[in-house]
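Here is the structure we will look at.
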Amino acid sequence: MKSFLVIGVGRYGRHLCKKLYELGYDVMAVDRNEDCIEPVLPYTLNSMIGDSTKSEFIKSIGVSNFDACFVAIGDDFQTSLETTSLLSECGAKYVVSRASRDTQAKFLLRNGANEVVYPERQLAEWAAIRYSSNNISNYIELPGENSIFECKVPRHWAGKSILELEIRKRHNVNIMAIKKDGEWDMRITPHIKFEENQYMLVYGADKDLEKFFHFDSSNFSTGGEEDED
């Protein structure tokens, strides 16, 4: 079973602990404030109160034993930077640090972070994309400016197959799965026909997905004759 260390359990760190726990992983929480530790106790295997900028304290945790260490400190960048550096120096396998600006991300990556996340920015981007189309239910951003979108199948696709619609040829995106009876079916072939009110997972480059979904329109007109050049 994987184990994770979360340093800084404010709102972001608290939600992170809870979700990791729900996924069945072992979680250890660390914060210098006892009041912050109290709410996450039900979601952690262990917790510690201490200063993550102190080398002796970080060494006492045994950070090399965790599959990943999250630096979730959001209100004190200097502390976040020092903590990130110490984790790397003490043998952490993988360090994920929180940032709010690109300049912070640069410093974190130079000082031991393997990856940087922007919780506020990423949530804002998710919300903007999610609600820019009536048909998008969810999406996952992937490295290299690629994404996976969950969306409703256009009405005029019903009764037609992937091959008939020439989806990859016309739009340069791929259908990864179709939801049937509440379950995702990933056994996709060119001859599978769409049904009304189905949902699908679509994978592609962001630039192609933007054209595909017409983010600037309230209607999902993908695949119709009006899209022809």
Side-chain angles (χ1 to χ4, degrees), residues 1-130 138-145 147-148:
M1 179 185 294
K2 287 187 175 182
S3 60
F4 298 94
L5 172 65
V6 179
I7 300 180
V9 284
R11 283 176 295 180
Y12 169 62
R14 188 163 60 249
H15 286 300
L16 186 57
C17 289
K18 185 174 184 293
K19 189 60 181 180
L20 289 169
Y21 171 81
E22 290 173 349
L23 292 170
Y25 300 122
D26 289 338
V27 183
M28 180 176 181
V30 170
D31 202 288
R32 63 175 64 182
N33 189 337
E34 184 176 357
D35 292 336
C36 291
I37 288 291
E38 187 80 20
V40 301
L41 291 178
Y43 314 117
T44 59
L45 188 66
N46 196 4
S47 62
M48 294 183 71
I49 300 168
D51 187 348
S52 60
T53 65
K54 302 299 183 182
S55 178
E56 296 78 11
F57 177 71
I58 291 296
K59 289 178 181 178
S60 72
I61 298 174
V63 296
S64 62
N65 296 320
F66 296 94
D67 291 279
C69 299
F70 293 93
V71 182
I73 301 166
D75 57 354
D76 186 343
F77 179 66
Q78 184 63 34
T79 296
S80 177
L81 185 63
E82 291 181 27
T83 300
T84 297
S85 180
L86 280 174
L87 286 170
S88 180
E89 291 175 8
C90 293
K93 296 175 183 176
Y94 201 83
V95 180
V96 182
S97 298
R98 174 183 181 174
S100 58
R101 298 189 299 273
D102 290 337
T103 52
Q104 292 181 352
K106 290 178 182 178
F107 280 107
L108 289 166
L109 291 168
R110 289 173 183 170
N111 287 273
N114 298 99
E115 188 174 349
V116 171
V117 294
Y118 301 81
E120 295 85 357
R121 179 192 297 184
Q122 289 166 335
L123 178 59
E125 290 176 353
W126 179 91
I129 292 174
R130 163 65 180 83
N138 205 345
Y139 95 103
I140 301 172
E141 185 177 345
L142 301 174
E145 298 185 348
S147 299
I148 298 173

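Below, each value reflects all heavy atoms present in this structure, side chains not excepted, and no hydrogens, waters or symmetry copies.
- Across all their heavy atoms, Cys69 and Leu87 have their closest contact at CB-CD1, 4.0 Å.
- Using a 4.5 Å heavy-atom threshold, the side chains of Ser88 and Asn111 count as separate.
- Within the 4.5 Å cutoff, side-chain heavy atoms of Ser80 are placed close to those of Leu108.
- Here NZ of Lys59 is found 12.5 Å from OG of Ser64. Values are rounded to the nearest 0.5 Å.
- Here the side chains of Ile58 and Glu89 are not in contact, with every heavy-atom distance at 4.5 Å or above.
- A pairwise comparison of heavy atoms in Arg32 and Thr79 identifies NH2-CG2, 3.7 Å as the closest pair.
- Under the side chain to side chain contact (heavy atoms under 4.5 Å, CB included) rule, Met28 has a single partner from Val6, Ile61, Leu45, which is Ile61.
- Distance check, rounded to the nearest 0.5 Å: OG1 of Thr44 to CG of Leu5 gives 11.0 Å.
- Residues Gly50 and Val30 share a closest heavy-atom pair of O-CG1, 4.5 Å.
- Looking at every heavy atom in both residues, Arg98 comes nearest to Ala72 through NH1-O, 3.5 Å.
- The CE atom of Met1 sits 11.0 Å away from atom CG of Leu23, with the distance rounded to the nearest 0.5 Å.
- Asp76 is not listed as a side-chain neighbour of Glu82, based on a closest heavy-atom distance of 4.5 Å or more.
- For Phe107, the CZ atom counts as loosely surrounded, since its 6.0 Å shell holds 12 or fewer non-hydrogen atoms of other residues, nucleotides or ligands.
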- Given the rule in the side chain to side chain contact (heavy atoms under 4.5 Å, CB included) test, do Cys17 and Val9 qualify, once you have shown the distances and angles that lead to the verdict? CA-CA 8 Å; Cys17 289; Val9 284; 3.9 Å; yes
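- The minimum heavy-atom distance between Ala29 and Ile37, with the atom names listed, is O-CD1, 3.9 Å.
- Expressed to the nearest 0.5 Å, how far CD1 of Ile73 lies from CD of Gln78 amounts to 11.0 Å.
- Ring planes of Phe4 and Tyr25: perpendicular class, angle over 60° (limits at 30 and 60°).
- Inter-residue side-chain proximity for Ser52 and Val71 is flagged as unmet; no heavy-atom pair is nearer than 4.5 Å.
- The number of heavy atoms from other shown groups lying within 6.0 Å of OH (Tyr21) does not exceed 12.
- In this structure, the side chains of Asp31 and Ile7 stay at 4.5 Å or more apart for every pair of heavy atoms.
- Using a 4.5 Å heavy-atom threshold, the side chains of Phe57 and Asp51 count as separate.
- Shown here is Lys93, whose NZ atom has more than 12 heavy atoms of other residues, nucleotides or ligands within 6.0 Å.
- Within 6.0 Å of the CD atom in Glu22, the count of heavy atoms belonging to other residues, nucleotides or ligands exceeds 12.
- Across Ala105 and Val116, no two heavy atoms sit closer than the pair CB-CG1, 3.8 Å.
- Judged purely by atom type and a 3.5 angstrom limit, Ser85 has no side-chain atom pairing as donor or acceptor with the backbone of Leu81.
- We find the OG1-CG distance between Thr84 and Leu109 to be 9.5 Å, quoted to the nearest 0.5 Å.
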- Phe66 and Asp26: side chain to side chain contact (heavy atoms under 4.5 Å, CB included), yes or no, with the steps? CA-CA 9 Å; Phe66 296 94; Asp26 289 338; over 6 Å; no
